[in-house]
Amino acid sequence: MEKEIKNLWETIADADCWEVVFQGQKGILFRSGRIVKKRRKEIPPQELEEILQKEADVKKALRWYHQLPFVAPAFPEGFRRGFYGQPLHESRFAEDLEPGTYVYRPFFDHFHKDSIQLQTGQIPMVKVMTIDPEPKTVFIEGDVNFRITNVSRAYLEDHDYNASLLHLCRRKIGRHSRGKKLNQWADPSTLENLETDVLCEVQAEAKKIWEIEISTISLNAYSP
């Protein structure tokens, strides 16, 4: 029996039908092409109090009809029927899955997870020509520190959102680096202003497109 159990566990493990979301991560489960919302395990006390009040108001409006096993009263928008017929507010459920173990069906379901902690990405090098009589090449490289606040939003918008974010930084650097002379790059304020301009634009676009928060962008510039 012990050997059979061991073989069964090895078969399940090899089937790639489960995924573990660790602390500092969030996951997404796709089923039949749609994101599966799961019940949130931890809800802040103040938010939970508001949810309970909204559910109590719906129960009061429905009286006892929601308790009948074969009756499905029309719940207001934003509510779903619980296992015992009680109204559950949509705020109890989320697309971004919290830490835990999740089982899914291979070939039919798809699972994705990512870190929600502070991450650092290396921005691809940018080459800029100066406007001197004899143009020189300036190389700009750097890092961006960011945090993903909504994994499902970022993934639905762009499956490779990390790479897209880095290329967004590269494009902004290239645009703000044009039209300068070599002696301007020798002035530290030029790089400081570049960091400020790029950070401001990338922060706004990354939040709007992927709901990614950008904390800092650090750049270095040099000419061979």
Side-chain angles (χ1 to χ4, degrees), residues 19-44 47 77-78 89-100 102 104 108-129 138-180 190-221:
E19 189 72 57
V20 178
V21 178
F22 297 96
Q23 288 291 338
Q25 293 181 326
K26 287 290 180 70
I28 324 168
L29 176 59
F30 287 88
R31 179 160 295 160
S32 300
R34 296 184 179 183
I35 293 181
V36 178
K37 290 186 176 182
K38 294 287 188 178
R39 192 159 181 169
R40 296 165 62 188
K41 299 176 182 179
E42 297 181 2
I43 302 177
E47 185 180 354
E77 185 178 355
H89 193 266
E90 61 182 5
S91 297
R92 286 188 179 272
F93 305 87
E95 295 179 340
D96 283 8
L97 305 182
E98 298 176 347
Y102 298 90
Y104 63 94
F108 297 96
D109 300 340
H110 171 65
F111 202 97
H112 170 77
K113 66 179 180 180
D114 203 343
S115 172
I116 57 172
Q117 296 179 325
L118 187 65
Q119 302 182 55
T120 300
Q122 186 173 2
I123 302 170
M125 181 180 292
V126 180
K127 297 181 181 179
V128 182
M129 298 300 295
V138 174
F139 297 91
I140 306 171
E141 59 185 9
D143 298 317
V144 54
N145 292 323
F146 63 95
R147 178 180 286 105
I148 301 169
T149 59
N150 189 326
V151 176
S152 57
R153 167 69 183 277
Y155 188 75
L156 287 175
E157 187 66 33
D158 185 345
H159 287 189
D160 198 0
Y161 46 86
N162 287 326
S164 297
L165 171 63
L166 297 178
H167 284 291
L168 172 64
C169 295
R170 186 176 187 273
R171 290 198 305 271
K172 296 298 181 181
I173 293 170
R175 188 168 73 85
H176 287 281
S177 299
R178 302 190 191 110
K180 293 179 174 59
T190 299
L191 201 59
E192 292 174 1
N193 293 334
L194 177 63
E195 288 178 342
T196 301
D197 293 339
V198 172
L199 177 61
C200 182
E201 292 190 12
V202 171
Q203 278 180 331
E205 292 194 29
K207 184 174 182 61
K208 180 180 179 181
I209 299 172
W210 305 290
E211 287 196 27
I212 293 178
E213 293 182 351
I214 310 298
S215 55
T216 59
I217 290 179
S218 302
L219 301 176
N220 296 308

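- Here the straight-line distance linking atom CG of Asp96 with atom NZ of Lys37 works out to 11.0 Å at 0.5 Å rounding.
- Across Ser32 and Asp109, no two heavy atoms sit closer than the pair N-OD1, 4.4 Å.
- For the atom pair CD1 (Ile148) and CD1 (Ile212), the distance works out to 5.0 Å, reported to the nearest 0.5 Å.
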Can you list the steps and then say if Leu29 with Glu19 is a side-chain contact (heavy atoms from CB on, under 4.5 Å)? CA-CA 10 Å; Leu29 176 59; Glu19 189 72 57; over 6 Å; no

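- The distance from the CD1 atom of Ile217 to the CG atom of Leu199 is 5.0 Å, given to the nearest 0.5 Å.
- Not one N or O on the side chain of Lys113 forms a donor-acceptor pair closer than 3.5 Å with the backbone of Leu97.
- When only modelled atom types and interatomic distance are considered, Tyr155 and Asp114 share no side-chain donor-acceptor pair under 3.5 Å.
- Here the side chains of Ile214 and Leu165 are in contact, with some heavy-atom distance below 4.5 Å.
- Heavy-atom neighbours of Glu90 CD from other residues, nucleotides or ligands within 6.0 Å: above the threshold of 12.
- Taking CZ from Phe139 and OG from Ser177, the interatomic distance works out to 13.0 Å, rounded to the nearest 0.5 Å.
- A donor-acceptor pair under 3.5 Å is formed between the side chain of Lys41 and the backbone N or O of Pro99.
- Across all their heavy atoms, Ser215 and Leu118 have their closest contact at OG-CD1, 3.7 Å.
- Of all heavy-atom pairs spanning Ser152 and Ile35, the tightest one is CB-CD1, 4.0 Å.
- Salt-bridge formation is detected for the pair Arg40/Glu47: a Lys NZ or Arg NE/NH1/NH2 atom is positioned less than 4.0 Å from an Asp or Glu carboxylate oxygen.
- Within the structure, salt bridge (Lys or Arg N to Asp or Glu O under 4.0 Å) pairs that include any residue of residues 149-166 comprise Arg153-Glu211 (at least two apart or interchain).
- Between atom CD of residue Glu205 and atom CD of residue Gln203 there is a gap of 11.5 Å, rounded to the nearest 0.5 Å.
- Note that CZ of Arg175 and CZ of Arg170 are 15.0 Å apart. Values are rounded to the nearest 0.5 Å.
- Here the shortest heavy-atom pairing between Phe146 and Gly121 reads CE2-N, 3.9 Å.
- The nearest pair of heavy atoms linking Ile123 to Cys169 is CD1-CB, 3.8 Å.
- For the pairing with Thr149, the side-chain contact (heavy atoms from CB on, under 4.5 Å) check across Lys26, Glu213, Lys207 returns one residue only, Glu213.
- The main-chain N or O of Phe108 is never found under 3.5 Å from a side-chain atom of Arg31 such that the two would form a donor-acceptor pair.
- In summary, the side chains of Asp143 and Ser218 do not present any donor paired with an acceptor at a separation below 3.5 Å, with no hydrogens or angles considered.
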Apply side-chain contact (heavy atoms from CB on, under 4.5 Å) to the pair Leu168 and Tyr161, showing each step before the final yes or no. CA-CA 10 Å; Leu168 172 64; Tyr161 46 86; over 6 Å; no

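- In this structure, Ile140 and Leu194 have side chains that are in contact, with non-hydrogen atoms separated by less than 4.5 Å.
- Taking both residues in full, the closest heavy atoms of Trp210 and Ala154 are given as O-CB, 3.6 Å, listed atom of the first, atom of the second, then distance.
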